[in-house]
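Right, one structure below, let's go through it.
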Amino acid sequence: MVERDGLFAGWMRDNAVGAVIVRPDRYIFAAAADADELNRLVGQLLQTFNAGRASLEPTRVTS
C-alpha cells in the first residue's frame, strides 16, 4: 500500500500501532503494537468466526 498524504501513517505512529486488522467495510477492527499482539487478535477473530464450526489454524506473524 502506498499512502500519499501520510494521514494513516501519522495515526499509526501517534498511537504506537504496528499493524491493523481492517474490516471489509474499511473500519478498523483492531490495532496491535507488535506481532505477538497481532497474533493474539487474529486468534480471537478466528475463534469468533469459527464458533460452532471446524477450527482454522491462524498463520503466525513474525516481526
Side-chain angles (χ1 to χ4, degrees):
M1 176 173 122
V2 176
E3 182 181 29
R4 296 176 199 257
D5 61 8
L7 180 66
F8 188 67
W11 177 86
M12 289 182 71
R13 184 180 51 255
D14 293 346
N15 291 284
V17 171
V20 294
I21 300 172
V22 181
R23 299 179 347 185
D25 60 3
R26 298 185 184 155
Y27 281 86
I28 294 174
F29 171 77
D34 56 32
D36 289 335
E37 187 175 12
L38 180 60
N39 285 320
R40 184 181 55 77
L41 291 168
V42 168
Q44 288 176 353
L45 181 61
L46 287 174
Q47 282 181 339
T48 300
F49 283 146
N50 292 321
R53 297 182 186 172
S55 178
L56 293 176
E57 291 296 319
T59 300
R60 298 217 26 103
V61 177
T62 58
S63 52

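In what follows, residues are counted from 1 in the order of the sequence shown.
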Seminar exercise, completed: Residue set satisfying side chain to side chain contact (heavy atoms under 4.5 Å, CB included) with Gln44, at least two apart, ordered chain then number -> Arg40, Leu41

For this session: Would you check if Ile21 and Ile28 make a side-chain contact, meaning some heavy-atom pair closer than 4.5 Å?
Result: no

For this session: Just grab all the side chain to side chain donor-acceptor pair (under 3.5 Å) pairs involving residues 10-32, residues at least two apart or on different chains.
Result: Arg23-Asp25

Seminar exercise, completed: Between Val22 and Val20, the two heavy atoms sitting closest are CG2-CG2, 3.7 Å

